[in-house]
Amino acid sequence: MAAAGTTEQRYDHKEIESKWQERWARDGLYRVRDDDPRPKWYELHMYPYPSGDLHIGHWYAMSGADVHARFRRMQGYNVLHPMGFDAFGLNAENAAIQRGIHPYRWTMDNIKHMREQLKSMGTIYDWDREIITCDPSYYRWNQWLFLQLYKAGLAYRAHAPVNWCPSCVTVLANEQVIDGLCERCDTPVTQRDMNQWFFRITRYADELLDHSKMDWPDRLNTMQTNWIGRSEGVEIDFDISEHGLKEKTLRTFTTRIDTIYGVTFVVLAPEHPLVDALTAPERKAEVDAYVEAARRQTDIQRLSTDKEKTGVLTGAFCVNQLNGERVPILVGDYVLLTYGTGVVMGVPAHDQRDFEFATRYGLPIRVVVAPPDWDGGALAEAYTEEGAQVNSAEFDGLPSADGMQRIAAHIEAQGWGHRTVNYRMRDWLISRQRYWGTPIPMIHCERCGTVPVPEDDLPVVLPEDAEFLPTGESPLALHQGFVNVECPQCGQGAKRETDTMDTFVDSSWYFLRYTSPDTHDRPFDPEAVRRWNPVDQYTGGVEHAVMHLLYARFFVKALRDLGLLDFDEPFVRLFNQGTILANHQKMSKSRGNVIAPDSYVETFGADTIRCYLMFLGPWEQGGDWSDSGINGMARWMNRVWELAQRDARQLDDFPRDEAAVRDLKRSVHKTIRRVTDDMERFKFNTALAALMEYTNSLNQAWERKGIVSEDWNDAVEKLLLLLAPLAPHIAEELWERTGHRRVGAGLKSSTKLDRHQLSSVHSQSLPDWDAALAADDVVTLVVQVNGRVRDKIEVPASVSEDEAKATALASQRVAAHIEGKQIARVIYVPGRLVNIVAR
RNA sequence: GCCGAAGUGGCGGAAUGGUAGACGCGGCGGUCUCAAAAACCGUUGGGAGUUAAAUCCCGUGUCGGUUCGAAUCCGACCUUCGGCACCA
């Protein structure tokens, strides 16, 4: 007995769902064949991290993707909709430290469990193509691809200040730092100087800005564009030869070269390599203290925009070569080493930060671009708009936009600098000081330097007997058997690289591996990739906008340039589904607010949960989880179950009535059209609403009589076909129960499917609609007077404009509202309304 | 601060220039039942009006505008969410 208030199932969902899941697997219904003659459709959903349990958010995301993939399949495509696991990552390693379970076992146990859960959803994944990234057969190709990128100069090692998460005890890519906090654990990130491996994604910055070859949401394109942050400007040298250093100039970057005559100081980033050399002996103590303090700050402290701009004088000077003026050099922490050249020319009159800085330290403020109606006096704040050049020697009087060009040309002619482009995006830092990731296949030899592991020696396998201690040291670095190695070049003792790769490397090409997961001699079979890629439809959460989606695009472009691929973009279409929240918060294990689907599946079955989730609202919207409406979906499933199994022969006792048949057909064809359009656009909520309306109208048609069994059975068949992508089990069971055991309906005979496969509802084609049959022959015309509804009249759909207007004007209800008024105009919208404008 | 999206009944939402509230939940009334649950039928934005109806008015965050007609387009503002943010 169900609990009070819970809808009782009229059918045994457990029995039919397990029956069909087993039979589909046995018949290989969802096995994807490369030799299928139908046009291909690659529909991919972002693979999950194997955290251990599928929560309701996974169901929401995966159900929508599965519905759409099934829909395409029934539209006649050979659909590849694969699934796998993003199996490397910190959780597994933390479990090892905390509970002594080896990351491999922890991960594989989770995968085993999650795979079963995914199967219980009734998805069409072809498990023969599953990918598990922590398997050496997968990650060896991470290593191989790394070596190709290294050979091409796209992977390099550099000593650089990097983001460090003290809690995860590893470095992070810029993309993984959110508001100065670690993306994973919200710990404030600090800076460290370390030798690290990078991928040269910046080489592709301009191409990554081009979204014209894809059909992506504008929002996504904007996010990537903002992230890349292209800005055009000029690099200009300031003369520091008076200090007698090896470096004779100090290079700065500016987007406002028109303000060059307004430079009254120059500021170095605290980490700038010339800080020490330029600092005068008497200033050393103060500068050292300042630099030290800056380095100790976290990013959030340092990058806080409302913090006062601080700095110290170095005692050194440089010369602005345009006017020969000597200006002081300072160190200030508002200057970032990682952007531009790490040196800023201070133009306080025309940059608000410089203005605040100059005001605080009493540095001169000289206007060189005049604001409109400027009286020549001091400014209250920086003027950052365009204007006329003043105090700018021979450029005086020019509009600053022209000044910009002329001054840049002058500087280039003099050899003091050149026009250039800067990007906010940095190279992708892929080193991680952790165990559970792909070992970077490099060896450090004292004699030969950094030497790649020969391709024949791949994979570099993670040692199984590593020790997981809560010390923060990488288990690989402590593992002597792993570290000590012969140099492949000179044969002498050498040290293995102990950093592992960011897991985003794995996901940057997994969509290639799905096409040929068993290929052993290369990362993917070029033929298979050519057949399936690029991905036609990618779905997943928007949180990957500037990480995974940018990295994968970079990979494809780099592999293309290596001759491994012949297309430019990995994902042609992209759709971001929304997130299911729990009490307005993102669901996560650490918050402890994860909603498990298990008990709902137990009570209502997978079909009902899938449909309920899809019915909540538009798929892109997500929303707060509530189970308050789930009974309604269960109730509807029961109604479908009952309705599809009625014995239609009793209808034959009544005479066939053409009007009733026509109305039923109209309902059938309108529904096919609506559901098809909605599914196409991921509007599963309105597709379901259309199906619900359809079952309501089928009920009415049954009550009304006048249709015969043939009409009814045809209408029910259409219902099952349209329902199949959403509720695959019940649709299949009812398909069988309504006598559809025949072979081959709607499938081309050349496909190599056996009779079990062909008899499945999921092997049928979606029905087509007939516009003539879907058309109304009577329409309701709304009659308005001055825009307010006053009457509704039924007219034939073929009504002419004159007839419609005449009928509207003849309405009694209208008469009362136009009495004593002049009719100024009558507006007619065909098939919809007549609006009488009366004054 | 800049850029973008959103704001509609008690609730999830539908309608993207033409009947606001499709579809569903919940509520209310009824049928069945000893009773309940389930199921089924009816009803359900607010107000005025009437024995009952007809009918009328108000209503899509706020205020204005464009239009014969605005949830929808435009302007300003408020709120929420997302992105970027000392990027020179």
Rounding to the closest angstrom, what is the interatomic distance between [N] and [M] at atom [atom1]?
N	M	atom1	result
B:G45	B:G59	C1'	8 Å
B:U8	B:U80	C1'	16 Å
B:A15	B:A6	P	13 Å
B:G10	B:U43	C1'	16 Å
B:C34	B:C25	C1'	31 Å
B:G21	B:U16	C1'	16 Å
B:G75	B:G4	P	11 Å
B:U72	B:A20	P	14 Å

Using OP1 and OP2 only, check whether a side-chain N or O of [X] sits under 4.0 Å from [N].
X	N	value
A:T7	B:A39	yes
A:R813	B:U55	yes
A:R639	B:A39	no
A:Q784	B:C68	no
A:S231	B:A88	yes
A:R790	B:A54	no
A:R635	B:C25	yes
A:N685	B:A14	yes
A:H817	B:C56	yes

Whole angstrom value for the distance that separates [atom2] of [N] from [atom1] of [X]:
X	N	atom1	atom2	value
A:R10	B:A39	CZ	P	8 Å
A:L833	B:A70	CG	P	12 Å
A:E8	B:A37	CD	P	12 Å
A:N174	B:C84	CG	P	12 Å
A:N631	B:G27	CG	P	11 Å
A:W636	B:C40	CH2	P	14 Å
A:F615	B:A22	CZ	P	11 Å
A:H584	B:G7	NE2	P	17 Å

Provide the Watson-Crick or G-U wobble partner of [N], both distances under 3.5 Å; none if there is no partner.
N	value
B:C56	B:G47
B:A39	B:U31
B:U72	none
B:C25	B:G10
B:C2	B:G83

So what does [X] hit on the nucleic acid, given a heavy-atom distance under 4.0 Å: a base, only sugar-phosphate, or nothing?
X	result
A:V267	nothing
A:V837	sugar-phosphate
A:L336	base
A:V789	sugar-phosphate
A:N696	sugar-phosphate
A:G632	sugar-phosphate
A:Q352	nothing

Determine the interplanar angle of the [X] and [Y] rings, folded into 0 to 90°, and report it as parallel if under 30°, tilted if 30 to 60°, perpendicular if over 60°.
X	Y	result
A:W619	A:F684	perpendicular
A:H548	A:F504	parallel
A:F357	A:F265	tilted

Given salt bridge (charged side-chain N to carboxylate O under 4.0 Å, His left out), test A:R666 with A:D663 step by step and report yes or no. CA-CA 5 Å; A:R666 182 178 301 114; A:D663 286 347; 2.8 Å; yes

Is the charged tip of A:R553 near the ring of A:W227: under 6.0 Å from the six-membered ring centre and within 45° of its axis? no

Going through the checks in order, is the salt bridge (charged side-chain N to carboxylate O under 4.0 Å, His left out) test met by A:R219 and A:E620? CA-CA 12 Å; A:R219 180 169 61 132; A:E620 72 260 36; over 6 Å; no

Would you say that A:L616 contacts A:I580 through its side chain, given a criterion of any heavy-atom pair below 4.5 Å between the two side chains? yes

Give each protein N/O atom lying under 3.5 Å from an N/O atom of nucleotides 80-83 of chain B, with the pair distance.
none

Measure from the side chain of A:R788, starting at C-beta and using heavy atoms only, and say which of B:A22, B:C57, B:G69 lies closest.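 Comparing B:A22, B:C57, B:G69 against the side chain of A:R788, the answer is B:C57.
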
Indicate yes or no: does A:R366 engage A:E325 in a salt bridge with an N to O separation below 4.0 Å. yes

Does a salt bridge link A:R256 with A:E386, judged by any charged N lying under 4.0 Å from a carboxylate O?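 Answer for the salt bridge query: no.
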
If each of A:R825 and A:M633 is mapped to the nucleotide of RNA chain B with the nearest heavy atom, which maps nearer the 5' terminus, i.e. the 5' end?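 Whichever sits nearer the 5' end wins; that is A:M633.
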
Name the residue closer to the 5' end of RNA chain B, choosing between A:R426 and A:I827 according to the nucleotide with the nearest heavy atom. A:I827

For A:T780, does its backbone N or O pair with a side-chain atom of A:E794 as donor and acceptor, under 3.5 Å?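 Side chain of A:E794 to backbone of A:T780, a donor-acceptor pair under 3.5 Å: no, none is there.
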
Which residue is it: A:I236, A:L268, A:D237? I am looking for the one with a side chain to side chain contact (heavy atoms under 4.5 Å, CB included) to A:L250. A:L268

